[in-house]
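Notes for the one structure printed next.
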Amino acid sequence: MYRVHRQCRACNSGDLTSVFDLGIQPLANNFCGLHDEHAGYAPLEVLYCNQCSLGQLSVVVDPEIMFSNYAYVTSASATMDAHFEALYHDLMSNQGSLGDVLEIGSNDGRLLSMLRHRGATGILGVDPAANLAAAANVFGVPTLGKEFDIPTAEKIKTMMPYPNVIIARHVFCHCPNWHNFLSALQIVAGPKTLILIEVPHAEKMLRNVEFDTIYHEHTSYLTIKALKIALQGTNLVIDLIRRYDIHGGTIGIYLRRADDKRTSSTTTDNVTLEDWRVFGFAAVNRIGELRNAVEARVLQGKTVCGFGASAKCTVWLNACGFSQKQISFVTDTTSLKMGKTVPGTDIPIVPESELLNLKPDYAVLFAWNYKAEILEKFKEYRERGGKFIVPVPKLEIV
Ligand code: TMP
Ligand code: ZN
């Protein structure tokens with residue numbers, strides 16, 4: 001199910017130091033029924049590359065197991081729509097027009113569909129999740145249900161030669177092998193193509209102790225410094241870098257071919273071994289804080305649920321060792337997750353409306369990255385005396 005990884009994804013060095021270890025954990029998006037066979041467990045440990053600063057997992061879980069039938073659907077939310085709007089504006093101001101757009105890891109086609117309405121002349125998605133690719137095609141977004149590798153890139157080149165824009169949101173952080181991905185990218189990128197790679201930014205994740213971003217799908221925690229090293233020997237350079245607030249802080253890296261843009265952006269970052277160590281201690285404290293906050297209320301006879309069965313939720317619940325004794329249920333909007341349990345636990349996932357029907361005293365906001373929107377949507381829950389426990393960036397009860 002997994003193989004051990006001992007060579008840096010960016011610089012190939014073997015000089016890796018263990019900096020964070022959550023032990024054996026379930027796959028964060030492996031939502032199953034309580035009695036169904038699940039995919040199993042794998043070590044969740046981060047190694048830091050002393051040569052290039054990249055944090056990366058010590059194992060690679062077979063991508064086929066994680067992605068062929070994928071339960072994460074891009075959230076249909078105002079926060080996400082505002083983020084897509086920001087991406088659209090940055091693409092337009094850097095490229096002038098959308099033209100043909102290729103999206104790698106296009107999920108259910110939500111972003112491509114929005115870009116078509118905004119004037120993209122052609123759209124094409126590629127995603128290894130057969131279930132999502134099929135849904136996207138039904139929804140009218142042409143999508144290849146394939147992993148983005150060299151053979152797929154050759155096929156795309158015949159379908160959409162040299163797109164004007166290529167987008168890869170939260171895909172590069174999933175790559176078991178950076179060099180294969182960058183090779184495939186060079187096959188599809190033309191002399192005037194603008195490429196946007198968006199991933200969580202290690203600097204922000206460490207600063208805000210967002211340890212729930214660490215799960216098996218996220219094989220690396222990108223630094224600009226490491227990416228620049230990986231790009232040496234390719235024909236791609238960093239044109240510019242933007243930071244976004246979505247998902248607790250992401251980074252948008254805009255690439256171009258070196259024959260289009262000869263100089264690389266001078267922006268860099270500085271993530272040290274010490275930063276990872278400090279983060280590790282802080283994460284252990286945060287886990288203890290949430291565990292105590294929930295246990296104390298359960299002992300007082302209060303009911304506590306979770307809000308948002310995100311991958312982050314799986315990480316938190318397993319790190320805290322919670323079962324249905326502490327967290328009665330978790331609400332979510334994704335139909336694919338209904339009737340399933342949070343991986344590694346016996347905690348059932350129920351529709352969001354149950355928050356008002358079952359009226360738990362507290363709801364732990366595991367979808368903390370949509371806080372403003374969710375607090376507004378569930379004003380009624382709070383008016384009736386319900387409280388949200390927000391675990392990130394700092395434990396807060398509202
Ligand atoms: P994400 O942080 O990876 O986008 O996952 C968010 C999860 O939270 C996803 O399973 C959908 C769920 N969700 C809700 O249940 N209610 C909401 O209002 C929003 C925005 C998300
Ligand atoms: Zn390295």
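Counting starts at 1 for both ligands and their atoms, following the listed order. Quick note: numbers below take in every heavy atom, side chains included, and nothing from hydrogens, waters or symmetry partners.
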field: Pocket residues of ligand 1, ordered first by chain and then by residue number (heavy-atom cut-off under 4.0 Å)
entry: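 Shell around ligand 1 (4.0 Å, heavy atoms): Y72, S75, S77, H247, F307, G308, A309, S310, K312, D332, T333, T334, K337, E352, A367, N369, Y370, I374, K377.
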
Note, [X] side chain near [Y] side chain (heavy atom, < 4.5 Å):
| X | Y | value |
| --- | --- | --- |
| T219 | H5 | no |
| K377 | E352 | yes |
| F322 | T345 | no |
| M1 | Y41 | no |

message: With a 4.0 Å cut-off on N to O distance, would you call R257 and D259 a salt bridge?
response: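 Yes.
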
- prompt: Do E85 and R118 sit within salt-bridge range, that is, some charged N less than 4.0 Å from a carboxylate O?
  reply: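 Salt bridge present between E85 and R118.
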
- prompt: Quick check: does any side chain N or O of T341 sit under 3.5 Å from a backbone N or O of I349, one acting as donor and the other as acceptor?
  reply: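 Here the side-chain-to-backbone pair does not exist.
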
Pair F181 and W178, ring centroids less than 6.0 Å apart: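 No, the ring of F181 stays outside the 6.0 Å limit from the ring of W178, centre to centre.
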
field: Distance criterion under 2.8 Å: protein N/O/S atoms around the Zn ion (ligand 2)
entry: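 Protein heteroatoms (N, O, S) closer than 2.8 Å to the Zn ion (ligand 2) number 4.
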
- prompt: With distance as the sole criterion, is a donor-acceptor pair present between the side chains of D90 and Y244 under 3.5 Å?
  reply: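 Yes.
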
